[in-house]
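Everything below concerns the one structure shown next.
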Amino acid sequence: MIEVDVTSPSPPYEQIRAQLAELIRCGVLAVGSRLPPVRQLAADLGLAAGTVARAYKELEQAGYVSGKRGGGTRVLPQSDPRTARAELIRGHARAYLAEVARLGGSAEEAIAALSDAAAAIHPAEHATGGPGRATAEAPRARTGS
């Protein structure tokens with residue numbers, strides 16, 4: 001669930017903090033759920049325990065979690081996770097479109113690439129429009145005249 005890229009310019013503790021914060025904001029980590037113990041997560045990621053402890057400390061200072069010695073670190077209530085999730089998805093979409101534009105691509109090419117990627121990752125959902133729904137594939141936007 002958490003991945004650390006040691007080649008990234010972002011420090012490992014920041015990568016952990018950002019990923020956990022996003023999972024909490026989106027409701028993937030529910031209120032009251034317990035984060036893995038510092039030592040366990042550190043061992044799983046191949047990092048020093050102090051690195052994970054710093055990420056947890058920053059999450060606690062930001063109001064995402066509450067940690068009690070012996071009681072673990074638990075997720076605190078946040079704003080509506082559906083709203084936060086939608087905002088995060090829109091942010092990622094904007095970043096993706098900006099990167100496509102930087103490469104000289106169009107919005108139509110970006111949408112086509114997303115559609116192809118979705119079909120490759122979830123072929124059953126793509127073909128039916130999602131679980132329990134049968135729809136035709138959305139037409140691709142046309143370019144030119």
Side-chain angles (χ1 to χ4, degrees), residues 1-38 40-67 72-145:
M1 180 156 55
I2 301 295
E3 295 179 3
V4 174
D5 178 1
V6 294
T7 65
S8 170
S10 180
Y13 79 88
E14 174 56 25
Q15 293 177 51
I16 295 166
R17 186 212 57 78
Q19 290 176 56
L20 286 171
E22 190 168 295
L23 292 171
I24 292 168
R25 281 193 309 269
C26 291
V28 173
L29 291 174
V31 173
S33 62
R34 190 172 173 178
L35 298 184
V38 168
Q40 178 188 334
L41 185 56
D44 291 348
L45 296 172
L47 299 170
T51 300
V52 175
R54 182 170 178 184
Y56 280 22
K57 180 180 177 185
E58 292 199 8
L59 287 167
E60 189 168 7
Q61 290 173 340
Y64 287 103
V65 298
S66 175
T73 302
R74 297 193 180 270
V75 175
L76 294 174
Q78 305 295 309
S79 62
D80 184 1
R82 292 170 299 205
T83 302
R85 180 175 177 264
E87 288 172 11
L88 285 167
I89 290 171
R90 281 192 296 276
H92 286 292
R94 283 189 297 274
Y96 170 65
L97 288 171
E99 182 65 13
V100 169
R102 188 185 72 75
L103 296 171
S106 68
E108 291 79 14
E109 289 173 301
I111 292 167
L114 284 173
S115 181
D116 292 346
I121 294 170
H122 302 288
E125 287 183 23
H126 187 73
T128 64
R133 294 190 322 216
T135 60
E137 182 176 47
R140 292 193 180 159
R142 289 186 227 162
T143 58
S145 49

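None of the values given here were measured: they were computed from a predicted structure.
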Which atom pair, heavy atoms only, marks the closest approach of Ile24 to Val75?
CG2-CG1, 3.7 Å

Nearest 0.5 Å please: distance from the CD1 atom of Ile16 over to the CG atom of Leu47.
5.0 Å

Grab the two heavy atoms, one from Val38 and one from Ala53, that are nearest each other, plus how far apart they are.
CG1-N, 3.8 Å

Would you say that Arg25 contacts Tyr64 through its side chain, given a criterion of any heavy-atom pair below 4.5 Å between the two side chains?
yes

Non-hydrogen atoms of Val31 and Pro77 that approach each other most closely:
CG2-CA, 3.5 Å

So, taking the atom named CG in Asp116 and the one named CD1 in Ile121, what distance separates them when rounded to the nearest 0.5 Å?
11.0 Å

If we ignore hydrogens and angles and just use 3.5 Å, is the side chain of Glu109 paired with the main-chain N or O of Ser106 as donor and acceptor?
yes

Look at atom CD of Gln61 and say whether more than 12 heavy atoms of other residues, nucleotides or ligands are closer to it than 6.0 Å.
yes

Taking the basic N atoms (NZ, or NE/NH1/NH2) and the acidic carboxylate oxygens, is any pair closer than 4.0 Å for Glu14 and Arg17?
yes

Where Arg54 and Tyr13 come nearest, the two heavy atoms and their spacing:
NH2-OH, 3.0 Å

So, Gln15 side chain and Ser10 main chain: donor-acceptor pair closer than 3.5 Å or not?
yes

Walk me through whether Val100 and Arg102 qualify under side-chain contact (heavy atoms from CB on, under 4.5 Å).
CA-CA 5 Å; Val100 169; Arg102 188 185 72 75; over 6 Å; no

Counting C-beta onward and ignoring hydrogens, is there a side-chain heavy-atom pair between Leu41 and Leu35 closer than 4.5 Å?
no

Using every non-hydrogen atom in the two residues, find where Thr51 and Pro12 come nearest and quote the distance to one decimal.
CG2-CB, 3.8 Å

Arg74 side chain vs Gly32 backbone, donor-acceptor pair below 3.5 Å
yes

Output every pair passing salt bridge (charged side-chain N to carboxylate O under 4.0 Å, His left out) with a member in residues 41-51, not counting sequence neighbours, ordered by first then second residue.
none

Checking side-chain contact (heavy atoms from CB on, under 4.5 Å) for the pair Leu23/Met1: CA distance, chi angles, key distance, verdict?
CA-CA 9 Å; Leu23 292 171; Met1 180 156 55; 3.5 Å; yes

Once rounded to the nearest 0.5 Å, what's the spacing between atom CG of Leu29 and atom CZ of Arg34?
14.0 Å

Mind checking the CD-CG spacing from Gln78 to Leu76? Nearest 0.5 Å is all I need.
6.5 Å

Smallest separation among heavy atoms of Pro36 and Tyr56, with atom names:
O-OH, 2.6 Å

